[in-house]
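Written out below as structure tokens is the structure these notes cover.
Computed from a prediction, not measured in an experiment: that's the story for all the values here.
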Amino acid sequence: PSNLSLARGIQKYNIIDFSSIGGLYNEILSKKPVIIEELIYNDKSFSMFHERSLNIVRIVVFRLRTGEIKIQRAYMGIGIGNKDYANTGAGSIAVPININTGKTCGRGFTQDGGVYDVHPDSGVKLTDYQVERWYELMELVHKLSTIMPEIKYVGWDFALTPKGWIIVEGNGNAGQTIHQIMDSKSVYKEFLNEDNIEIIFGDFLKQDIKSIVEELKDDYRKIYLVANLPYYITTAIIEKIILDNCQIDEMIIMVQKEV
């Protein structure tokens with residue numbers, strides 16, 4: 001379904017399970033709005049980890065103001081259990097990759113706290129695995145950044161197939177949570193010693209945002225709110241800012257299209 005995320009609602013269809021193409025068509029229409037994709041098959045070097053799922057490589061890329069392409073992180077996303085997909089936000093395993101060599105450089109992690117040296121289903125070792133055709137993938141990443149220079153930040157998902165690398169999708173929200181879990185540290189710690197950054201821990205909906213803004217206006221002429229809003233509470237956050245009359249001069253926010 002095109003109005004869901006985190007791999008929710010994904011289904012595989014086989015034409016032989018239906019009496020006619022029309023029957024399959026009507027079944028798909030009953031689920032709309034949907035996105036229909038051709039079934040992608042992993043190369044054997046990827047499917048050996050978990051044959052049922054489509055295993056991927058996620059690469060997070062920035063395009064800097066200078067035009068330089070910066071790869072922040074990369075990891076393998078590997079399915080687990082009865083899942084047909086590898087989505088780390090929905091419980092799949094993430095294994096960090098050294099972007100210079102294309103070799104997995106750590107243990108596998110899941111967002112619910114699982115830690116693995118070998119895949120729990122296949123028994124295949126997760127560490128020190130050399131991703132095949134890695135330098136071809138790096139060339140593809142840089143080519144994409146050149147073709148679409150207007151995209152400054154994206155988490156690309158790639159699948160290695162018997163014919164080579166293909167693009168599965170690009171993600172505006174590239175899932176920083178799993179990166180912090182793999183690093184065993186929070187990204188915020190990188191900013192704690194900055195003089196011009198203050199980190200407030202708490203529930204945004206319970207914070208007195210108006211008072212915080214009033215204090216900031218003592219030092220700054222204009223106050224901007226810049227945010228990538230969580231899907232489930234997007235409306236509540238926007239309503240709070242407007243109804244509490246927070247006196248924010250300008251908002252630049254990213255929301256999911258379905259909102």
Side-chain angles (χ1 to χ4, degrees), residues 40 42-50 53-80 86-89 92-111 114-119 122 124-194:
I40 302 171
N42 272 143
D43 179 79
K44 289 182 179 179
S45 65
F46 260 40
S47 64
M48 69 176 183
F49 290 98
H50 189 255
S53 62
L54 177 68
N55 305 313
I56 56 93
V57 168
R58 164 72 59 89
I59 298 181
V60 182
V61 184
F62 289 88
R63 184 180 180 89
L64 304 182
R65 211 177 272 181
T66 60
E68 177 187 356
I69 309 303
K70 181 177 177 59
I71 297 176
Q72 182 196 27
R73 285 184 171 91
Y75 67 81
M76 281 187 69
I78 304 172
I80 188 172
N87 185 297
T88 56
S92 297
I93 299 173
V95 188
I97 299 174
N98 183 315
I99 60 176
N100 296 314
T101 65
K103 181 178 285 189
T104 55
C105 56
R107 309 169 81 183
F109 296 86
T110 57
Q111 286 198 175
V115 182
Y116 304 93
D117 291 312
V118 299
H119 194 284
S122 65
V124 175
K125 183 182 177 183
L126 300 175
T127 56
D128 296 320
Y129 166 72
Q130 178 63 56
V131 177
E132 295 188 9
R133 306 174 77 164
W134 180 254
Y135 296 106
E136 291 180 25
L137 180 56
M138 291 295 97
E139 289 179 5
L140 178 56
V141 169
H142 282 82
K143 183 178 180 180
L144 286 170
S145 299
T146 302
I147 293 173
M148 295 181 286
E150 69 278 9
I151 299 180
K152 309 299 183 184
Y153 167 76
V154 61
W156 292 109
D157 286 348
F158 300 94
L160 182 59
T161 74
K163 295 182 179 180
W165 292 102
I166 65 170
I167 306 165
V168 178
E169 64 180 9
N171 299 271
N173 183 345
Q176 293 296 326
T177 301
I178 194 64
H179 294 298
Q180 296 178 60
I181 293 173
M182 289 188 292
D183 291 345
S184 297
K185 66 177 183 179
S186 298
V187 172
Y188 82 87
K189 292 181 180 179
E190 299 175 13
F191 303 101
L192 285 181
N193 295 323
E194 299 292 335

Derivation of the side chain to side chain contact (heavy atoms under 4.5 Å, CB included) call for I56 and M76: CA-CA 6 Å; I56 56 93; M76 281 187 69; over 6 Å; no
May I have the step-by-step check of side chain to side chain contact (heavy atoms under 4.5 Å, CB included) for D117 and K125, ending in yes or no? CA-CA 6 Å; D117 291 312; K125 183 182 177 183; over 6 Å; no
Hey, mind stepping through V168 and L54 against side chain to side chain contact (heavy atoms under 4.5 Å, CB included) and telling me if it holds? CA-CA 10 Å; V168 178; L54 177 68; 4.2 Å; yes
Would T88 and R58 satisfy side chain to side chain contact (heavy atoms under 4.5 Å, CB included), going step by step from the backbone distance to the final call? CA-CA 10 Å; T88 56; R58 164 72 59 89; 5.8 Å; no
Distance-only donor-acceptor pairs under 3.5 Å for side chains of residues 137-148, two or more places apart:
from: H142; atom 1: ND1; to: M138; atom 2: O; distance (Å): 2.9
from: S145; atom 1: OG; to: V141; atom 2: O; distance (Å): 3.2
from: T146; atom 1: OG1; to: H142; atom 2: O; distance (Å): 3.0

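Ring-centre distance between F46 and W165: below the 6.0 Å cut-off. For an aromatic pair to be called close, the ring centres must be under 6.0 Å apart, and Y129 with F49 satisfies this.
Between the side chain of T104 and the backbone N or O of L126, at least one donor-acceptor pair lies under 3.5 Å. Looking at S92, its side chain does come within 3.5 Å of a backbone N or O of N87 through a donor-acceptor pair. Although no hydrogens or angles enter the test, the distance criterion places a donor-acceptor pair under 3.5 Å between the side chain of Q130 and the main chain of T101. The closest donor-acceptor contact from the side chain of H50 to the backbone of A86 lies at 3.5 Å or more, if one exists at all. Remark: the backbone N or O of N55 is not paired with any side-chain donor or acceptor of S53 at under 3.5 angstrom. Between the side chain of D157 and the backbone N or O of I167, no donor-acceptor pair lies under 3.5 Å.
Closest heavy-atom contact between I78 and H119: CG2-CD2, 3.5 Å. Contact between I59 and W134 at its shortest, heavy atoms only, is CD1-CH2, 4.3 Å. Among all heavy-atom pairs drawn from V61 and W156, the shortest one is CG2-CD1, 4.0 Å. Minimum interatomic distance between P162 and R133 (heavy atoms only, all atoms of both residues): O-NH1, 4.3 Å. Closest approach of I93 to G108, counting heavy atoms only: CG2-CA, 3.8 Å. Nearest heavy atom pair, residue A159 against residue N42, reads CB-ND2, 4.2 Å.
Here D43 contributes atom CG and L160 contributes atom CG; the two are 4.5 Å apart, rounded to the nearest 0.5 Å. A distance of 4.5 Å separates CD in Q72 from CZ in F62, rounded to the nearest 0.5 Å. Atom CZ of R63 sits about 9.0 Å away from atom CD of E150, to the nearest 0.5 Å.
When the shell of 6.0 Å around NZ of K70 is examined, it contains 12 or fewer heavy atoms from other residues, nucleotides or ligands.
Applying the side-chain hydrogen bond (donor to acceptor under 3.5 Å, both in side chains) test to S122 and every residue at least two apart in sequence or in another chain returns nothing.
Residues F158 and I166 are not in side-chain contact: their nearest non-hydrogen atoms beyond the backbone lie 4.5 Å or more apart.
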